[in-house]
2 protein chains.
Amino acid sequence: MTERAQRRRRTEERILASARSLFAELGFERTTIRAVAKAAAVDPALVMQYFGSKQGLFSAAVRVAPPLAAHGDTDELVEQLVDSLGLKMGELPQSSLAMMRSMLTHPEAAVEARAVLSRQIAQVAESITGDDARLRAALLTTIMLGVTVGHQLLELDELRAASQKDIARILRPALRAIADTEE
Amino acid sequence: MTERAQRRRRTEERILASARSLFAELGFERTTIRAVAKAAAVDPALVMQYFGSKQGLFSAAVRVAPPLAAHGDTDELVEQLVDSLGLKMGELPQSSLAMMRSMLTHPEAAVEARAVLSRQIAQVAESITGDDARLRAALLTTIMLGVTVGHQLLELDELRAASQKDIARILRPALRAIADTEE
DNA sequence: GCGTTCACTCTACAGGCGTTGACCGTATTG
DNA sequence: CAATACGGTCAACGCCTGTAGAGTGAACGC
């Protein structure tokens, strides 16, 4: 790869990292192109040149891998759900946080969030039997959303004080109660 | 009461109603004083005169009654929680929606939301025994938050298609699994 | 009835925003 | 080595925002 191409790729990635961080912390509206540019040590006009618009930058910044992987039985499902709370005690990817931060106030983020959640709901539903599988899947998904929002975005003391393990221990029976349609 | 005082009270209430509606739909940042004024058929400067600033208007608009009432045994608690999803199949007050809509992106709304949630957590914890009562209460509260956000703010089809009764039926055992420390 | 209060409007300002187009210098290409 | 392409900067525009201050006319208190 030519020197110029590398340079460009690095700069672009630096801008994206700054954007993700600021979008995740402040949301779409309060994040300015100027602030992103400054954090990336770059001229604001360059951000526009690379991503076309603020919305384009946001879209590029929140592009994210699908959160859940496979589908198995309900026990496996519940385990995947509690794991998704923070992948192995680490942090959620900042692109996900950025999307969640803005999903209530930025229309495009809301569209993206609905798409991601619908995909997850459909996937969770595959591990559930019974005719209200979709509703149960939706409740499981929004439950995880609520806990994640409370923990990562609102940073409620009561949740931050707890270990991932304790949260998982308490959550598990509740999730099972929803995922297990009696047998 | 004098005619002028009535007139003022009515105008103020009209402004507040418009503000609540717009804040609930658009959030703090996308709601402009000009839009609120127009919706209330009033000059923008009057809004400033009455509420001091946009933030003052927001604070007045989201002032809200405490969501939960008493504390009893766990069954009673669970019932109160599922009822709180939408008071008797009606809508949540718009002031609550306005606060929730902005809680992830507007710092003042976040402070308010944390205060409201912490109060609710403390109250829920009173109905729970055991040394992790506070954590269980926090999880119960954020679970309800997640379902409410998914239903009222993100308007997920999978939840909107369901009746309040079905949601309550599926949620109840899950909430009980968290609220019931074994006996 | 007359001076005052007060609900309400008009006009304007200052600042920050997204966005644009011209420009510069260096790596690339033939 | 000359012509070009391209990463990157600079300065500026137009718009919308929250906000301020002066002004107006009708209800009020005496």
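Since the structure is predicted, the reported quantities are computational estimates derived from the model, not experimental observations. Below, chains carry the letters A, B, ... as their sequence lines are ordered, and counting in each starts from 1.
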- Under the criterion side-chain hydrogen bond (donor to acceptor under 3.5 Å, both in side chains), which of B:Gln55, B:Arg101, B:Glu112 is the partner of B:His106? B:Gln55

Looking for any heavy atom pair under 4.0 Å, which part of the strands does [X] touch: base, sugar-phosphate only, or nothing?
X: B:Arg8; value: sugar-phosphate
X: B:Arg7; value: sugar-phosphate
X: A:Tyr50; value: sugar-phosphate

Whole-Å distance separating the [atom1] atom of [X] from the [atom2] atom of [N]:
X: A:Arg14; N: D:dG7; atom1: CZ; atom2: P; value: 14 Å
X: B:Ile15; N: C:dT9; atom1: CD1; atom2: C1'; value: 13 Å
X: B:Leu57; N: D:dT19; atom1: CG; atom2: C1'; value: 14 Å
X: A:Asp43; N: C:dC23; atom1: CG; atom2: C1'; value: 12 Å
X: B:Arg4; N: D:dA26; atom1: CZ; atom2: C1'; value: 8 Å
X: A:Glu12; N: D:dC6; atom1: CD; atom2: P; value: 14 Å
X: B:Glu3; N: C:dC8; atom1: CD; atom2: P; value: 11 Å
X: B:Lys54; N: D:dT17; atom1: NZ; atom2: P; value: 9 Å

I'd like to know if [X] pairs up with [Y] as an ion pair, taking the criterion as any Lys NZ or Arg NE/NH1/NH2 lying under 4.0 Å from an Asp or Glu carboxylate oxygen.
X: B:Asp132; Y: B:Arg136; answer: yes
X: A:Arg169; Y: A:Asp166; answer: yes
X: A:Arg20; Y: A:Glu13; answer: yes

- Item | Neighbour count above 12 (heavy atom, 6.0 Å) for B:Arg7 CZ | no

- Item | Side chain to side chain, B:Ser118 and A:Glu158, heavy atoms closer than 4.5 Å | yes

- Query: Hey, can you pull the residues of residues 22-38 of chain B with a non-hydrogen atom under 4.0 angstrom from DNA chain D?
  - Reply: B:Thr31, B:Thr32, B:Ile33, B:Arg34

- Item | Nearest-nucleotide 5' precedence on DNA chain D, B:Ala5 against B:Gly52 | B:Gly52

- Message: Please tell me if A:Thr11 has a side-chain N or O lying less than 4.0 Å from either OP1 or OP2 of D:dG7.
- Response: no

- Item | A:Gln49 vs B:Ala41, nearer the 5' end of DNA chain C by closest nucleotide | B:Ala41

- Query: Short question: side chain of B:Arg172, backbone of B:Glu79 - any donor-acceptor pair under 3.5 Å?
  - Reply: no

